[in-house]
2 protein chains.
Amino acid sequence: MGLVDYCVDNNRFGYGAMSIAEKVFAALCNAIVRGEIPAGSKISEPELAGHFNVSRASLRDAIGRLEACNLVIRRPNVGARVVSLSDEELLEIYAVREALEGMAARQAAVQMSDTELDELQLLLADDKQRHPNDINNDFHYGIVKGSKNNRLKHILRDDLYHLMCMYRYQLGREGGRASSAAKEHALIMDALRDRDGELAELLMRRHIRLSRQYIEKSLNSL
Amino acid sequence: MGLVDYCVDNNRFGYGAMSIAEKVFAALCNAIVRGEIPAGSKISEPELAGHFNVSRASLRDAIGRLEACNLVIRRPNVGARVVSLSDEELLEIYAVREALEGMAARQAAVQMSDTELDELQLLLADDKQRHPNDINNDFHYGIVKGSKNNRLKHILRDDLYHLMCMYRYQLGREGGRASSAAKEHALIMDALRDRDGELAELLMRRHIRLSRQYIEKSLNSL
DNA sequence: TTTTATAATAATGTCGACAATTTGTCAGGG
DNA sequence: CCCTGACAAATTGTCGACATTATTATAAAA
């Protein structure tokens with residue numbers, strides 16, 4: 001998949017007004033999330049600049065964006081490395097998500113319009129998730145959007161989402177939990193329909209907690 | 001206050017290993033938070049590069065960091081502007097803080113050592129807050145650190161804290177609430193001492209909610 | 001007068017080259 | 001044999017100049 005392909009695929013950006021740096025960022029972001037650039041590996045500026053046929057300035061710009069969404073860690077005068085989260089750090093993210101997405105669910109129950117709920121339900125229908133890591137096709141992100149809290153949306157999307165996608169790829173997408181997760185999604189959907197914010201939050205928190213526990217179990221059995 | 005002064009003052013960075021870009025970032029960050037660069041104003045690369053006597057490359061790097069901590073918004077091919085939050089967006093931040101810092105308080109009640117609690121108490125003592133906007137001298141951030149959740153710490157510090165400082169400056173530091181806020185802090189401190197996470201969360205959430213309501217009232221009376 | 005097209009201006013985006021710092025290597029001494 | 005120090009190689013940081021895009025000013029046409 002080439003540079004441009006990913007960009008049009010990911011409608012976070014409009015096609016026309018994308019700078020080289022943004023394209024490189026999108027490509028690197030994709031490569032890191034998919035594991036093509038392994039966790040912990042070094043990001044060599046000269047090497048990648050040559051690979052993409054861009055200047056180091058553009059590449060450095062892209063690396064800055066990667067750092068902003070927590071996909072790489074930069075050390076001054078040393079360089080950038082792809083993040084490699086410890087088990088504890090992964091669980092920390094789940095703890096944050098529980099608080100944040102629980103809040104989102106509560107707000108969404110009040111804020112979402114009926115048509116928005118319909119769209120969310122549709123999204124739930126093909127929960128096989130043909131585009132598993134497309135943020136626009138994601139039940140959780142739909143609820144976050146539905147909260148109508150832009151700051152919340154921003155934190156989840158730009159600071160946590162890519163990281164989570166990355167580890168979902170690495171850990172094999174928690175395949176064994178797909179069916180139970182779908183059921184939990186359905187229950188949350190019902191609570192939203194009933195405009196029951198309290199229940200929606202409770203169910204969302206439990207849903208994320210169960211995911212975390214599943215991950216925790218998987219990690220322990222390695 | 002010169003470029004370097006801020007850097008040693010803010011021990012987020014070590015003095016020696018600070019690149020030019022980091023220094024410019026620190027200076028701009030400080031200037032924006034203090035309102036010396038007004039909200040909504042444009043960030044001119046040539047102008048500021050001349051002002052600081054650095055190249056545009058370094059300045060652009062600094063702007064990228066400002067964008068990462070939400071102090072400026074960048075539009076491709078147009079430039080960066082200092083953020084100017086609407087009333088709603090400001091309240092959104094409080095909503096997020098309520099969820100996040102509430103969680104932090106709950107965890108801190110379990111995770112903090114006795115000596116850490118002592119330090120926090122000391123910090124509470126001179127709550128006149130001689131360095132009101134120094135993150136290291138902040139009761140709230142002390143609790144966030146005490147939660148031992150690095151992801152949480154990172155989100156609060158790098159994504160929200162600067163924004164909040166900025167608006168605390170603009171809105172006059174919610175002066176009328178200083179004494180009641182101090183009392184609420186003391187109550188939270190007690191709950192932490194008792195290792196009562198549930199109560200600590202409840203009190204912290206209420207504390208932030210009261211701050212938000214105070215701000216809300218101030219905004220409505222303008 | 002208003003609108004539109006065009007040209008001048010100034011900004012951002014990008015590039016290649018140089019400077020400063022870190023890392024790796026190797027010789028010498030303990 | 002290990003440790004220390006200096007040297008060499010490679011990488012990151014910084015710079016000035018050029019290319020591209022947006023904005024403004026101008027002028028022509030409706």
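Within every chain, numbering begins at 1; the chains are lettered A, B, ... in the order of the sequence lines, protein sequences first and strands thereafter. The structure presented is a predicted model; accordingly, all values stated were derived computationally and were not measured. FYI, side chains are in, hydrogens and waters are out, and symmetry mates aren't considered; it's all heavy atoms of this structure.
Distance check: A/Asp138 CG to A/Lys145 NZ gives 9.5 Å after rounding to the nearest 0.5 Å.
Seen from the ring of B/Tyr161, B/Arg157 does not count as a face-on cation partner, given the 6.0 Å and 45° thresholds.
The separation between B/Ile63 atom CD1 and C/dT14 atom P is 14 Å, rounded to whole Å.
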When you check every protein heavy atom under 4.0 Å of nucleotides 5-20 of chain D, what one-letter string (B, S, -) results, 5' to 3'? -------BBBB-B---
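In this structure, the side chain to side chain contact (heavy atoms under 4.5 Å, CB included) partners of A/Glu89, at least two apart in sequence or on a different chain, are A/Leu85, A/Ser86, A/Glu92.
A/Gln107 contributes no side-chain N or O that, together with a main-chain N or O of A/Ala104, makes up a donor-acceptor pair within less than 3.5 Å.
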Please tabulate, one pair per line, all N/O donor-acceptor pairs under 3.5 Å involving side-chain atoms of residues 73-83 of chain B, not counting sequence neighbours.
residue, atom, partner, partner atom, Å
B/Arg81, NE, B/Gly40, O, 3.1
B/Arg81, NH2, B/Gly40, O, 3.3

